[in-house]
Amino acid sequence: VPIAEKVLTYPIKSVFVSFEGLKEENDFVRGEGSWDKASAFLIELLRIKKTQFKNTTIGVNIVLNKKNQENVIRIIEFFDDNKVDCIQFNPLYIDGNAKVNQSTLYLTEEEKLNAYEKIAQKSLTTLHSKVTINCDYPLIGHYLNTKYGTSMNPITAECTAFIDSLYANSEGVCYPCRRWLKKIDSGKNKEKLSFDSINEFLHNVAISPTRSCPECEFVSVCHPCPLIIDDKQPQICKIVQERYRSIIDADKIITLASPAYFTAEQNRYFVYFHELSCKSEYTVEGYNILRMCEFGVDIITLSEMTHIS
């Protein structure tokens with residue numbers, strides 16, 4: 001608990017505590033007692049934030065796996081009830097205990113996407129927590145936004161390892177990122193940061209990976225890990241495209257979910273969303289599209305306006 005107090009004495013923007021799900025799933029992966037320690041730390045962070053550090057984001061990081069995939073709704077409800085600022089879901093990274101239990105933990109790409117869909121749908125009902133998914137590829141976020149009306153960021157960030165962030169293992173040894181550690185770690189030797197390893201890492205990061213995904217509109221903003229260079233279309237993206245095509249029905253009518261008020265002032269275009277109590281400015285194109293959606297517009301007309309094929 002004193003660690004929480006020390007952490008929040010610094011001007012830190014956000015603190016995330018990692019879990020593998022609720023108590024049973026978490027302790028299966030991380031060992032018995034891990035849940036109790038992490039939960040105590042999280043509760044203390046939230047307590048201190050209430051009175052001293054209100055601008056610091058306190059969040060949880062949940063790694064999706066076979067043990068927790070059916071409980072994602074309960075996980076969201078639990079942390080939302082505890083008024084955590086952000087609940088962030090990530091795909092499983094095969095390392096540590098997860099590597100030992102890979103066959104019982106690792107999700108297929110279809111199972112992973114099914115979990116993403118449950119999370120996206122549930123994210124619309126939380127009272128306190130913002131729910132996010134660290135999708136590997138922007139097409140996934142776009143699909144979820146289209147199907148569920150969420151606001152997942154469809155642009156994946158470029159690699160910031162060593163430039164903006166470092167990874168520290170349980171022994172306090174720092175590396176650019178976990179994937180780099182796996183690359184240089186033979187399982188027997190743990191090489192510490194050196195000039196040669198940093199130079200090699202930055203050389204790899206500087207190489208822009210490319211993919212042969214000509215049909216994907218997000219190819220220019222898709223930033224796969226530089227350490228996993230593969231020009232083939234990822235399997236999960238193929239599944240997403242199949243599901244996306246199934247929801248795009250030419251007869252479907254798009255309408256605004258709640259009433260909105262439109263105003264145009266000196267070539268500036270605003271929409272006020274009453275239920276959200278917010279006012280947003282749009283380009284003239286966006287403004288006109290929303291005006292059409294106010295009364296209902298079919299997919300074909302909307303696609304022609306937005307140049308989406």
- Which distance, rounded to the nearest 0.5 Å, do you find between the CG of Leu45 and the OG1 of Thr57? 12.0 Å
- Working to the nearest 0.5 Å, report the span between CG of Leu124 and CD1 of Ile119. 12.5 Å
- Task: Would you check, one step at a time, whether the test ring pair (Phe, Tyr, Trp, His ring centres under 6.0 Å) holds for Trp35 with Phe41?
- Result: CA-CA 10 Å; Trp35 167 267; Phe41 180 61; over 10 Å; no
- Quick one: do Val284 and Leu290 end up in the same hydrophobic cluster if we chain Ile, Leu, Val, Met, Phe, Trp and Tyr together by side-chain heavy atoms under 4.5 Å apart? yes
- Partners meeting side-chain contact (heavy atoms from CB on, under 4.5 Å) with Asn61 (sequence neighbours left out): Ser18, Val63, Gln88, Asn90
- Task: In sequence, state the C-alpha distance, the side-chain angles, and the governing distance for Leu64 and Ile133, and then conclude on side-chain contact (heavy atoms from CB on, under 4.5 Å).
- Result: CA-CA 10 Å; Leu64 287 170; Ile133 303 173; 5.7 Å; no
- Query: Stepwise, does the side-chain contact (heavy atoms from CB on, under 4.5 Å) test hold for Leu113 with Arg243?
  - Reply: CA-CA 10 Å; Leu113 187 55; Arg243 293 192 186 185; 3.5 Å; yes
- Message: Taking CD in Glu265 as the centre, count heavy atoms belonging to other residues, nucleotides or ligands within less than 6.0 Å. Is the count above 12?
- Response: yes
- Mind checking side-chain contact (heavy atoms from CB on, under 4.5 Å) for Lys122 and listing every partner two or more places apart, or none if nothing turns up? Ile73, Ile76, Glu77, Thr125
- Determine whether Tyr137 and Pro234 make a side-chain contact, defined as any pair of heavy atoms from C-beta on separated by less than 4.5 Å. yes
- Does the side chain of Ile140 reach to within under 4.5 Å of the side chain of Tyr116, using non-hydrogen atoms? yes
- Query: Considering only heavy atoms from C-beta outward, does the side chain of Lys67 approach that of Glu24 to under 4.5 Å?
  - Reply: no
- Message: Which residues pass the side-chain contact (heavy atoms from CB on, under 4.5 Å) test with Tyr287, not counting sequence neighbours?
- Response: Phe262, Ala264, Tyr269, Val271, Tyr282, Arg291
- Starting from the C-alpha separation in whole Å, work towards a yes-or-no answer on side-chain contact (heavy atoms from CB on, under 4.5 Å) for Ser39 and Phe19. CA-CA 9 Å; Ser39 297; Phe19 293 89; 3.9 Å; yes
- Flag for Thr150-Asn145: side-chain donor and acceptor within less than 3.5 Å: yes
- Message: Does this structure show an ion pair linking Glu117 with Lys147, if we count only N-O contacts that are shorter than 4.0 Å?
- Response: yes
- Message: Once rounded to the nearest 0.5 Å, what's the spacing between atom NE2 of His142 and atom SG of Cys135?
- Response: 12.5 Å
- Task: Kindly write out the residues that satisfy side-chain contact (heavy atoms from CB on, under 4.5 Å) with Glu109, not counting sequence neighbours, or none if the list is empty.
- Result: Lys112, Gln235, Ile236, Ile239
- Cation-pi geometry met for Lys279 and Tyr272 (6.0 Å, 45°): no
- Any idea which heavy atoms bring Glu111 and Tyr106 closest together, and the distance? OE1-O, 4.5 Å
- Task: Test Glu70 against Lys118 for salt bridge (charged side-chain N to carboxylate O under 4.0 Å, His left out), laying out the working first.
- Result: CA-CA 9 Å; Glu70 298 299 330; Lys118 291 179 184 177; 3.1 Å; yes
- Taken to the nearest 0.5 Å, the spacing of Leu42 CG from Asn82 CG works out to 7.0 Å
- Message: Please tell me whether Phe16 and Phe79 are part of a single hydrophobic cluster in this structure, the criterion being side-chain heavy atoms less than 4.5 Å apart.
- Response: no
- Mind listing the closest non-hydrogen atom pair of Asn26 and Gly21 along with its distance? CB-O, 4.1 Å
- Output for pair (Ile87 CD1, Thr126 OG1), nearest 0.5 Å, gives 6.5 Å
- Task: Return the set of residues passing salt bridge (Lys or Arg N to Asp or Glu O under 4.0 Å) with Asp80 (not counting sequence neighbours), or none when no residue passes.
- Result: none
- For side-chain contact (heavy atoms from CB on, under 4.5 Å), just list the numbers for Phe28 and Glu20, CA-CA rounded to whole Å, side-chain angles, deciding distance to a tenth of an Å, and then say yes or no. CA-CA 9 Å; Phe28 175 84; Glu20 303 293 336; over 6 Å; no
- Close side-chain approach of Asn68 to Leu22, heavy-atom, < 4.5 Å: no
- Message: Which heavy atom of Val131 sits nearest to which heavy atom of Ser123, and what is that distance?
- Response: CB-CB, 3.6 Å
- Query: If you measure from the Lys or Arg side-chain nitrogens to the Asp or Glu carboxylate oxygens, is any gap between Arg47 and Glu44 under 4.0 Å?
  - Reply: yes
- Message: With side-chain contact (heavy atoms from CB on, under 4.5 Å) as the test, pick out the partner of Phe89 among Ile75, Asn134, Thr132.
- Response: Ile75
- Task: Grab the two heavy atoms, one from Asp27 and one from Gly33, that are nearest each other, plus how far apart they are.
- Result: OD2-N, 3.3 Å
- Task: Determine whether Lys83 and Leu46 make a side-chain contact, defined as any pair of heavy atoms from C-beta on separated by less than 4.5 Å.
- Result: no
- Task: Examine distances only and state if a side-chain atom of Ser129 and a backbone atom of Val84 form a donor-acceptor pair shorter than 3.5 Å.
- Result: yes
- Query: Who are the side-chain hydrogen bond (donor to acceptor under 3.5 Å, both in side chains) partners of Gln121, not counting sequence neighbours?
  - Reply: none
- Please report the shortest heavy-atom distance between Cys237 and Leu139, naming the atom on each side. O-CD2, 3.8 Å
